[in-house]
Amino acid sequence: MAKITFIEHSGERLVVNIPVGWTVMQGAVQNGVEGIEAECGGSCACATCHCYVDEAFVDALPAPSETEEAMLECTAAERLPNSRLSCQLKVSEALDGLVLRLPEAQS
Amino acid sequence: MAAAPGMVVIGAGQGGLQVAESLRAEGWDGPLTLIGEEPQAPYHRPPLSKAMLTGAMDEAQIAIRGHEFFGKHGIELLTGLRVASIDRAARRVALSDGRILPYRGVALATGARGRPLPVPGAELEGVLSLRTLADAQRLRAALEGAERVVVIGGGFIGLEVAAVARKMGREVTVLEAADRLLARSATPFLADVFAGLHRAHGVTVDLGAKVVELEGRDGRVAAVCTADGGRHPADVVVVGIGIIPNAELAAASGIACDGGVVVDDCGRTDDPAIVAVGDCTVRRGAYGVLRLESVQNAVEMGKSAAAALLGRERPFTAAPWFWSDQYDVKLQIVGLSAGHDQIVVRGEPAERRFSAFYFRDGALLAIDSLNRPQDHMLGRKLLDRKAPLTPEQAEDPAFPLASLTR
Ligand SMILES: Cc1cc2nc3c(=O)[nH]c(=O)nc-3n(C[C@H](O)[C@H](O)[C@H](O)COP(=O)(O)OP(=O)(O)OC[C@H]3O[C@@H](n4cnc5c(N)ncnc54)[C@H](O)[C@@H]3O)c2cc1C
Ligand code: FES
């Protein structure tokens, strides 16, 4: 399990325990985080699971794949250096304490 | 006391859930019931032929929304129940458990079912299809113990299953009755690329192979026989020969159907109180007559239909898009290529990293991208804005597509 904090665009904070091996997107959606749409169900095909990773964790995450990189170019909200697709972030113990902010819009 | 008439959504899949979600987002605060025949809350179907089959993902990970979502938004989710009939004169639906629900509006999101294989032996054990989570669990267990897998039908679902079975080390044959793969859903150009991809991974791809019989032994399937006298031994047979829209409920209540529930770009049927979305529909609108089976279609029609139920006009006119994952190839399609008279390729076909751009009279119709997600995403914008991309520009790797989307 890793404890991950989601900050909705409204400012609401949700702290969620997500099993290792799940994606951050799955943990968010199953636990009522609403700022993630995840239309394609995690296939890296929709870019509606966009999130901003807290600066302190950006370097701790594996770099985005080429596909994620390309899909990030097409997010509804502005792409920032700390933008990631949450369906491409696999949960490991190392992500314990991760903080993510959600954008204003996903589609 | 009878409940006040509310909105009733029939079918708790991708489209039905979207209608319910969008009704709340659009401000509907009356009763809202989402009724589904399957035992599960709405889940994503695409992983069923991908990560769910390999075991990389399990049931808990594919729910589209978590449990508390429904309570929080006042959506009454009834699972394991079917709607048996719609009485349009009295504005009531009858459920399989005898319950009667009055309605103000209805959304039909009943999806589709696999077309049954019309040959002797189709009922043998080991002959499987793939539409639901239960199907995926059966197929996964069957693939575990199989050596030889025959896939009947070279459509997207059949090809995705073939790719997974091959990755699991099974001997795989794909039998397609037409003279090419993906005959219903993609261009001959793309079909050739995918035939090559599967053959390169060791799959036997037989085109023009008309299945006439499944041979059994002790009630289990043993071989697939084709019209040309071919006999393909099999432990597991996967049937993926297209779908039949679940339009019977609508048809029985007198709503216009023609190979699906007939709707416009707003999801409206010929009854102003009833909309329909997703795989159960055939849409007559800006693109002519469309019968799409895709996540985007279910989601976007869902948004439009929810608005229509509240008397708002929100037509779905964006270019259709779709994806499929096979081996290490991500295919993404946007637009409708029918009627194209020119194909230009951008990228490296030899490495299966390219996009095919389809034009008619010099105007862009559609783009198929293999491992080129950026072309695809920019392509959605190019098509939706009718940007004046020329074939020469599409082909020129130095030409920035993004310059036309700003
Ligand atoms: C294996 C598989 C892989 C796929 N892969 C992709 C992909 O990679 N990309 C893509 O874009 N699309 C893909 N699709 C297609 C996509 O999943 C569908 O187009 C989408 O799910 C359609 O949504 P829907 O709501 O119209 O129907 P469904 O999701 O099928 O939902 C309909 C629901 O209604 C229920 N129902 C039917 N009749 C009644 C009744 N009378 N009362 C109550 N409930 C009823 C059904 O049981 C079902 O649960 C795939 C589909 C499958 C099966
Ligand atoms: S869920 Fe679609 S890209 Fe992440």
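In what follows, chains carry the letters A, B, and so on, assigned in the order in which the sequence lines appear, proteins first and then strands, with residues in each chain numbered from 1. Note that the structure is predicted; figures quoted are calculated from it, not measured.
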Honestly, the part of A:Ala47 sitting under 4.5 Å from a heavy atom of chain B is side chain
Measure B:Gln14 against the heavy atoms of chain A and call it side chain, backbone, both or neither at under 4.5 Å.
side chain
Tell me, do B:His376 and A:Cys74 make a side-chain contact under 4.5 Å, heavy atoms counted?
no
Contacting moiety of A:Ala45, where chain B heavy atoms sit under 4.5 Å:
both
I'd like to know whether CZ of A:Arg13 has more than 12 heavy-atom contacts from other residues, nucleotides or ligands below 6.0 angstrom.
no
What part of B:Arg380 gets closer than 4.5 Å to chain A, counting heavy atoms only: side chain, backbone, both or neither?
side chain
If you apply the rule side chain to side chain contact (heavy atoms under 4.5 Å, CB included), what do you find for B:Glu21 with A:Glu37, and how did you get there?
CA-CA 11 Å; B:Glu21 229 179 289; A:Glu37 287 179 12; 5.8 Å; no
Can any side-chain N or O of B:Gln374 pair as donor or acceptor with the backbone N or O of A:Glu73 at less than 3.5 Å?
no
Between A:Gly32 and B:Glu68, the two heavy atoms sitting closest are N-OE2, 4.0 Å
Tell me the closest heavy-atom pair linking A:Val29 and B:Ile64, and the distance in Å.
CG1-O, 2.9 Å
Non-hydrogen atoms of chain A under 4.5 Å away: do they reach the side chain of B:Gln332, the backbone, both or neither?
side chain
Heavy-atom pairs under 4.5 Å with chain A - which of B:Ala60, B:Ala402, B:Pro47 has more of them than the others?
B:Ala60
Is A:Gln26 close to chain B through its backbone or its side chain, or both, or neither, when contacts mean heavy atoms under 4.5 Å?
side chain
Is any side-chain heavy atom of B:Glu300 closer than 4.5 Å to a side-chain heavy atom of A:Ser107?
no
Tell me, for A:Ile18 versus chain B, whether the close heavy atoms (under 4.5 Å) come from the side chain, the backbone, both or neither.
neither
Are A:Glu66 and B:Arg353 within salt-bridge range, i.e. N to O under 4.0 Å?
yes
Of B:Val299, B:Asp375, B:Leu378, B:Asn371, the largest count of non-hydrogen pairs under 4.5 angstrom with chain A goes to B:Val299
If I take atom CH2 from residue B:Trp323 and atom SG from residue A:Cys44, how far apart are they, to the nearest 0.5 angstrom?
11.0 Å
Evaluate A:Cys40 against B:Gln296 for side chain to side chain contact (heavy atoms under 4.5 Å, CB included), listing each step before the verdict.
CA-CA 8 Å; A:Cys40 78; B:Gln296 179 221 16; over 6 Å; no
Contacting region of A:Glu34 [heavy-atom separation from chain B under 4.5 Å]
side chain
